[in-house]
Amino acid sequence: MKTVTYVVPKIHCDHCLHTVEMEVGELEGVSSVKARLAETDVTVEFDDPASEDKIKAVLTEINYPPQELTQIQ
């Protein structure tokens, strides 16, 4: 299992949190998505077939493009 955290500056309300968590959570292989309002970040736990490229693509597609990436594991 991999865990990544993305900074997503466009997160600014509870609706943003819900949208990000629901959309990214629908990717096959994603086991956990936690978006945080104060930190404007999203932490995702995943295995194959999900990938960082797929996660970033979904975030960009829903208009919440990630700014930078921090590897946790």
Side-chain angles (χ1 to χ4, degrees):
M1 174 123 3
K2 291 181 76 175
T3 302
V4 291
T5 299
Y6 301 95
V7 174
V8 183
K10 287 192 170 189
I11 291 175
H12 66 274
C13 67
D14 288 338
H15 176 73
C16 296
L17 299 177
H18 177 74
T19 300
V20 168
E21 290 177 352
M22 293 300 295
E23 294 289 335
V24 175
E26 289 181 1
L27 276 174
E28 186 177 352
V30 171
S31 58
S32 172
V33 182
K34 180 62 182 161
R36 299 184 303 171
L37 185 58
E39 294 81 359
T40 65
D41 67 7
V42 180
T43 300
V44 184
E45 291 182 10
F46 66 97
D47 279 319
D48 292 333
S51 68
E52 293 178 42
D53 287 341
K54 290 179 182 178
I55 294 165
K56 290 188 282 187
V58 167
L59 287 169
T60 300
E61 181 180 317
I62 63 173
N63 203 28
Y64 293 96
Q67 186 175 40
E68 60 188 62
L69 169 71
T70 303
Q71 286 280 359
I72 295 176
Q73 290 180 352

- Tightest non-hydrogen contact, residues K56 and P66, listed as CG-CG, 3.8 Å

- Item | Heavy-atom side-chain contact between T43 and V4 under 4.5 Å | no

- Heavy atoms of Q67 and P9 approach each other most closely as OE1-CG, 3.5 Å

- Ignoring hydrogens and angles, tell me if any N or O in the side chain of H15 forms a donor-acceptor pair with the backbone of C13 under 3.5 Å. no

- For E39, the salt bridge (Lys or Arg N to Asp or Glu O under 4.0 Å) test, sequence neighbours excluded, returns R36

- Task: Check the surroundings of atom CD in E28: do more than 12 heavy atoms from other residues, nucleotides or ligands lie under 6.0 Å from it?
- Result: no

- Item | Validation row: V42, T5 side chains within 4.5 angstrom (heavy atoms) | no

- Item | Shortest non-hydrogen separation from L17 to L37 and the atoms involved | CD2-N, 3.6 Å

- Message: Walk me through whether V8 and D41 qualify under side chain to side chain contact (heavy atoms under 4.5 Å, CB included).
- Response: CA-CA 5 Å; V8 183; D41 67 7; over 6 Å; no

- Distance in Å, L59 CG paired with I11 CD1, rounded so as to fall on 0.5 Å steps: 8.0 Å

- Do the side chains of E52 and F46 get nearer than 4.5 Å, heavy atoms only? yes

- Message: I'd like to know if the side chain of K54 and the backbone of P49 have a donor-acceptor N/O pair within less than 3.5 Å.
- Response: yes

- With a 4.5 Å heavy-atom cut-off, do M1 and S31 have their side chains touching? yes

- Spacing of N63 atom CG and E23 atom CD [to the nearest 0.5 Å]: 12.0 Å

- Item | Shortest non-hydrogen contact from E45 toward T3 | CG-OG1, 3.4 Å

- Heavy-atom nearest pair, V30 first then G25, reads CG1-CA, 4.1 Å

